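Data block below; observations after.
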Amino acid sequence: MPTEYAAGRIGAVELPSPVALLRAFREPDDPSRHRHRVLAVAHELVECHECRYNALLAAHAPDASSGCVARSLQLVDHTDAHRTELVGRIDNWVATHVQHRTGASLHTETLGAVIDRMAAKWVAAQHALGMSPADPHPLQLDDDAQLQWSRLAELADGYKDLITDVSEHRRRLPVW
């Protein structure tokens, strides 16, 4: 049964734009300026994916000891648990602040899950260029880099379509 969420509160128009989301992936949170709560969490998700990437890289290194592999996999588990908490924070924000129209089509993923996938693809795209997310200059551009950036662009387009549909009450986000 469809439910109205947060009636009379902040509307879906206040969901962060794709440009703001991609900027949040790149730039750390600046406490001196007002920033959307979802964007601050989105940046934390990028940090988690970067940590996860590095831990898996260390675990798969040819000279990695069994202790290094074990520590790396524990770090991946810890990071994934933290990611789950961050996704939950975004989803809780949606449940509290986004108004949904009864009868609107239900999206298949929560907003937190969508942003988490975009954060993962952001890190993959940065590494495909041969750089870390903090490095402003690409070192190489090959087929993998083009593929990763194309996939990120597709996700950003899908995100834009989703927030447009939510703001126009054609679609609603799952809330747990």
Side-chain angles (χ1 to χ4, degrees), residues 3 5-6 9-31 33-56 75-101 104-129 131-136 145 147-176:
T3 306
Y5 299 104
R9 294 190 212 154
I10 298 171
V13 167
E14 302 221 10
L15 289 167
S17 71
V19 171
L21 186 59
L22 292 172
R23 185 177 302 121
F25 289 165
R26 186 182 69 232
E27 299 171 357
D29 196 20
D30 182 359
R33 65 183 166 138
H34 175 69
R35 189 161 188 189
H36 198 290
R37 183 172 171 202
V38 169
L39 296 178
V41 176
H43 184 77
E44 286 185 66
L45 283 167
V46 166
E47 290 173 343
C48 284
H49 283 287
E50 181 67 23
C51 180
R52 188 178 203 284
Y53 176 90
N54 290 329
L56 289 172
L75 182 57
V76 167
D77 288 345
H78 174 74
T79 302
D80 287 347
H82 187 56
R83 281 182 36 236
T84 300
E85 292 172 21
L86 294 172
V87 166
R89 277 196 228 164
I90 293 171
D91 296 340
N92 288 337
W93 183 90
V94 167
T96 306
H97 294 93
V98 176
Q99 183 178 2
H100 288 70
R101 182 181 65 81
S105 173
L106 182 65
H107 189 64
T108 57
E109 287 182 292
T110 67
L111 187 66
V114 169
I115 292 173
D116 184 54
R117 275 194 311 124
M118 288 181 69
K121 191 52 66 181
W122 170 264
V123 170
Q126 294 292 316
H127 284 282
L129 288 176
M131 56 195 248
S132 71
D135 187 358
L147 176 65
Q148 297 298 336
W149 281 97
S150 295
R151 288 179 177 169
L152 179 61
E154 289 169 359
L155 286 172
D157 287 345
Y159 174 80
K160 180 180 179 186
D161 292 344
L162 174 62
I163 64 170
T164 299
D165 286 350
V166 169
S167 68
E168 294 178 0
H169 302 289
R170 292 189 301 255
R171 187 168 294 256
R172 60 192 169 94
L173 295 164
V175 179
W176 312 125

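Because the structure is predicted, anything quoted here is derived from the model rather than measured.
- Leu162 has its side chain within reach of His107: a pair of non-hydrogen atoms, C-beta onward, lies under 4.5 Å apart.
- For Thr110, the side-chain hydrogen bond (donor to acceptor under 3.5 Å, both in side chains) partners at least two apart in sequence or on another chain are Asp91.
- At a threshold of 4.5 Å between non-hydrogen side-chain atoms, the residues Arg89 and Glu44 count as touching.
- In this structure the side chain of Leu173 never reaches within 4.5 angstrom of the side chain of Val114, judged on heavy atoms.
- A heavy-atom distance below 4.5 Å is found between the side chains of Leu21 and Met118.
- Ala119 is linked by a side-chain contact (heavy atoms from CB on, under 4.5 Å) to Phe25, Leu45, Val46, His49, counting only residues two or more places apart in sequence or in another chain.
- A 4.5 Å side-chain heavy-atom check between Arg23 and Leu39 finds every atom pair outside the cut-off.
- Tyr53 is linked by a ring-ring contact (aromatic ring centres under 6.0 Å, His included) to His127, counting only residues two or more places apart in sequence or in another chain.
- Here the side chains of Leu152 and Leu22 are in contact, with some heavy-atom distance below 4.5 Å.
- Qualifying side-chain hydrogen bond (donor to acceptor under 3.5 Å, both in side chains) partners for Glu109, counting only residues two or more places apart in sequence or in other chains: Arg117.
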**Q.** side-chain contact (heavy atoms from CB on, under 4.5 Å) assessment of Leu15 paired with Ser167
**A.** CA-CA 8 Å; Leu15 289 167; Ser167 68; 6.0 Å; no
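- Aromatic ring centres of His36 and Trp93 lie closer together than 6.0 Å.
- Residues meeting the side-chain hydrogen bond (donor to acceptor under 3.5 Å, both in side chains) test with Asp80, sequence neighbours left out: Arg52, Arg83.
- Taking the side chain as every heavy atom from C-beta outward, Trp149 and Glu154 never approach each other to under 4.5 Å.
- In this structure, NE2 in His78 is found 8.0 Å from SG in Cys51, a value given to the nearest 0.5 Å.
- In this structure, Ile163 and Pro18 have side chains that are in contact, with non-hydrogen atoms separated by less than 4.5 Å.
- Across all their heavy atoms, Val175 and Ala95 have their closest contact at CG1-CB, 3.1 Å.
- Residues passing the side-chain hydrogen bond (donor to acceptor under 3.5 Å, both in side chains) test with Gln148 are Lys121, Asp144, sequence neighbours excluded.
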Q: Test Leu86 against Asp116 for side-chain contact (heavy atoms from CB on, under 4.5 Å), laying out the working first.
A: CA-CA 9 Å; Leu86 294 172; Asp116 184 54; over 6 Å; no
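- For the atom pair Thr96 OG1 and Asn92 CG, the distance stands at 6.0 Å (nearest 0.5 Å).
- Separation of atoms OG (Ser105) and CZ (Arg170) is listed at 10.5 Å; rounding is to 0.5 Å.
- Of all non-hydrogen atoms in Ala55 and Val76, the two that sit nearest each other are CB-CG2, 3.8 Å.
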